[in-house]
Participant: 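Have a look at the structure that comes next, please.
Letters go in sequence order (proteins before strands), and every chain restarts at 1.
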There are 2 protein chains.
Amino acid sequence: MGNETTRREELLVVAARLFSRKGYHATSMQDIADELNILRGSLYHYIESKEGLLYELMELGIQTLMERVRPIVESDLPPDEKLARLIQQHTVTIASYPDFMAVFLHELKSLSPPRRERILAYRQEYDHLVRRILVEGVECGVFRPVDVRVVSFALLGMVNWVYQWYSPDGPRSAEEIGAIFANVVLQGVLERPEK
Amino acid sequence: MGNETTRREELLVVAARLFSRKGYHATSMQDIADELNILRGSLYHYIESKEGLLYELMELGIQTLMERVRPIVESDLPPDEKLARLIQQHTVTIASYPDFMAVFLHELKSLSPPRRERILAYRQEYDHLVRRILVEGVECGVFRPVDVRVVSFALLGMVNWVYQWYSPDGPRSAEEIGAIFANVVLQGVLERPEK
DNA sequence: CCACCAATCAAACGGTTGTTTGGTTCTCAC
DNA sequence: GTGAGAACCAAACAACCGTTTGATTGGTGG
């Protein structure tokens with residue numbers, strides 16, 4: 001780790017930025033090479049192919065997300081606390097690595113079937129983590145008896161959308177946004193009468 | 001209207017399907033022409049350019065959404081009822097035209113700046129509609145004093161994400177999904193003690 | 001000082017891209 | 001039955017694509 005970045009990591013970061021801003025197919029090897037001040041053929045000293053590069057970026061994205069969220073799910077906190085922390089952690093992670101996360105969320109269709117299958121497996125694993133919390137909460141009566149599948153999609157849409165509008169210069173930090181999200185999902189927006 | 005579809009409308013439908021499945025840049029004029037059984041040069045009898053075609057599809061998407069949602073916002077229903085109906089209508093619209101909506105939500109970055117600006121204006125207009133309901137609800141005490149900006153993004157993420165997973169063959173109709181969404185946003189998932 | 005190796009260049013490859021041009025076919029109104 | 005216009009073809013255009021090959025550079029350990 002430390003402060004040194006290898007040339008290869010530099011390549012990955014540049015590619016993630018370009019892929020997320022312009023899209024995978026709209027970004028040429030030329031574009032990436034220009035940013036690194038080398039010729040486009042030279043990129044193949046670091047990567048196997050353009051699509052291999054895309055796959056690597058997406059795998060990095062989903063793995064980062066998963067290793068940050070899994071400990072929460074497997075902890076022994078009460079379900080409502082787990083859900084709140086998951087929502088917040090997911091939000092913060094997306095805000096921390098917006099380029100990688102945008103690529104991961106956007107470019108699944110740009111992968112060839114075998115690689116797409118592998119990323120889809122990751123994604124389903126992650127979906128399962130989210131649902132486990134909901135099932136747990138409903139079973140022990142902390143949550144109302146909601147449709148777990150639909151609510152988990154609602155939740156994922158809410159947090160995944162963050163990369164579309166979040167800016168570090170905005171009025172709220174990623175932590176605050178995560179907390180607001182969690183609050184809405186748990187309590188709803190409706191004001192309640194005293195009794 | 002009626003049952004007759006012109007060749008041009010056929011083109012738009014085919015293009016929307018291909019753009020949404022493979023992405024704009026990954027879809028060639030060849031691909032579109034093949035689907036219509038003509039040569040790719042012949043497409044220019046109907047459209048001005050590939051990007052002009054994309055713009056037209058996106059405009060169709062956002063306009064459809066807006067003309068279905070605006071009457072709800074401008075009605076004189078109470079804010080909680082307005083919000084529930086907006087969420088449901090948005091969900092149903094996305095489920096009804098998934099190809100057009102996916103293109104509208106995904107391909108903004110594929111437009112050149114002038115056209116992108118115009119679509120962005122539509123989108124901001126739509127965002128404004130959503131926020132108006134929230135502000136209204138907070139002001140008259142029906143909603144808790146939430147951060148309107150962040151909550152509106154939460155809400156939009158939730159409903160926009162629908163195109164990623166909805167299937168007409170799934171266990172729930174778009175109307176049901178919309179109702180579940182509205183319920184979560186209004187009430188939250190938390191069970192509440194009797195008193 | 002030599003040998004190695006990572007990093008990069010230079011040049012070419014076959015293929016595809018979006019778009020233009022000018023001509024052809026077909027249908028239908030008058 | 002002739003003129004008009006819509007629908008489409010055939011062919012070409014320059015530009016760019018991802019990838020491969022073999023040579024070259026510069027630094028570093030022995």
Participant: Take the protein atom OH of B:Y44 and the nucleotide atom P of D:dA11, then report the distance between them rounded to whole Å.
Facilitator: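 In whole Å, D:dA11 P lies 19 Å from B:Y44 OH.
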
Participant: Considering every strand and a 4.0 Å limit on heavy-atom distances, what is the contact class for A:I38: base, sugar-phosphate, or nothing?
Facilitator: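 Sugar-phosphate contact only.
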
Participant: Could you tell me whether A:R21 and A:E35 make a salt bridge, using a distance below 4.0 angstrom between a side-chain N and a carboxylate O?
Facilitator: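 No, A:R21 and A:E35 are not salt-bridged.
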
Participant: In this structure, how many angstroms lie between the P atom of C:dA7 and the CG atom of A:L36, rounded?
Facilitator: 12 Å

Participant: Which is more 5' along DNA chain D, the nucleotide nearest A:D31 or the one nearest A:G41? Just name the residue.
Facilitator: A:D31

Participant: Does A:E125 pair with A:R70 as a salt bridge, N-O distance under 4.0 Å?
Facilitator: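 Looking at A:R70 together with A:E125, the answer is yes, because their closest N to O distance falls below 4.0 Å.
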
Participant: OP1 or OP2 of D:dC8 sitting under 4.0 Å from any side-chain N/O of B:Y46?
Facilitator: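 So the side-chain polar atoms of B:Y46 do come within 4.0 Å of the phosphate oxygens OP1 or OP2 of D:dC8, strictly under.
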
Participant: Consider the side chain of B:H45, meaning its heavy atoms from C-beta on, and name the nucleotide among D:dA6, C:dA7, D:dA10 that approaches it most closely.
Facilitator: D:dA6

Participant: Please determine whether a side-chain nitrogen or oxygen atom of B:S42 lies at a distance below 4.0 Å from atom OP1 or OP2 of D:dC9.
Facilitator: yes

Participant: C:dT16, OP1 or OP2 - any side-chain N/O from B:S28 closer than 4.0 Å?
Facilitator: no

Participant: Can a side chain N or O of B:R7 be found less than 4.0 Å away from OP1 or OP2 on D:dC8?
Facilitator: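 Yes, such a contact exists.
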
Participant: Taking the side chain of B:R40 as its heavy atoms from C-beta onward, which of D:dC17, C:dT8, C:dT19 lies nearest to it?
Facilitator: C:dT19

Participant: Tell me which residues in residues 10-23 of chain B put a heavy atom below 4.0 Å from DNA chain D, sorted by number, or none.
Facilitator: none

Participant: Can you tell me how far C1' of C:dT16 sits from CD1 of B:I32, to the nearest Å?
Facilitator: 15 Å

Participant: Measure the CE-CG distance between B:M101 and B:L65 for me, rounded to the nearest 0.5 Å.
Facilitator: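 So the gap between those two atoms works out to 5.0 Å.
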
Participant: What's the separation between atom CZ in A:F100 and atom CZ in A:R17, rounded to the nearest 0.5 Å?
Facilitator: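 Between A:F100 CZ and A:R17 CZ, I get 10.5 Å after rounding to 0.5 Å.
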
Participant: Do side-chain atoms of B:K109 reach the backbone of A:K22 as a donor and acceptor pair under 3.5 angstrom?
Facilitator: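 Looks like no, no N/O pair under 3.5 Å.
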
Participant: C:dC9, C:dT19, D:dT20: which one has an atom nearest the side-chain heavy atoms of A:L39?
Facilitator: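 Of the candidates, C:dC9 comes closest.
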
Participant: Would a hydrophobic clustering, with Ile, Leu, Val, Met, Phe, Trp and Tyr connected at side-chain separations under 4.5 Å, put A:L43 with A:V13?
Facilitator: no

Participant: To the nearest angstrom, how far is A:D34 atom CG from D:dG18 atom P?
Facilitator: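 Atom-to-atom, A:D34 to D:dG18, this comes out as 12 Å.
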
Participant: Atom CG of A:N37 to atom P of C:dA7: distance rounded to whole Å?
Facilitator: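 Whole-Å distance recorded here is 16 Å.
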
Participant: Between B:E81 and B:R85 (salt bridge meaning N to carboxylate O under 4.0 Å), is one present in this structure?
Facilitator: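 A salt bridge links B:E81 with B:R85.
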
Participant: Grab the CG-C1' distance between B:L43 and D:dA6 for me, whole Å please.
Facilitator: 15 Å

Participant: Round to the nearest Å and state the distance from B:R8 atom CZ to D:dG5 atom P.
Facilitator: 19 Å

Participant: In whole Å, what is the span from the NE2 atom of A:H25 to the C1' atom of D:dC16?
Facilitator: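 Computing the A:H25:NE2 to D:dC16:C1' distance gives 16 Å.
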
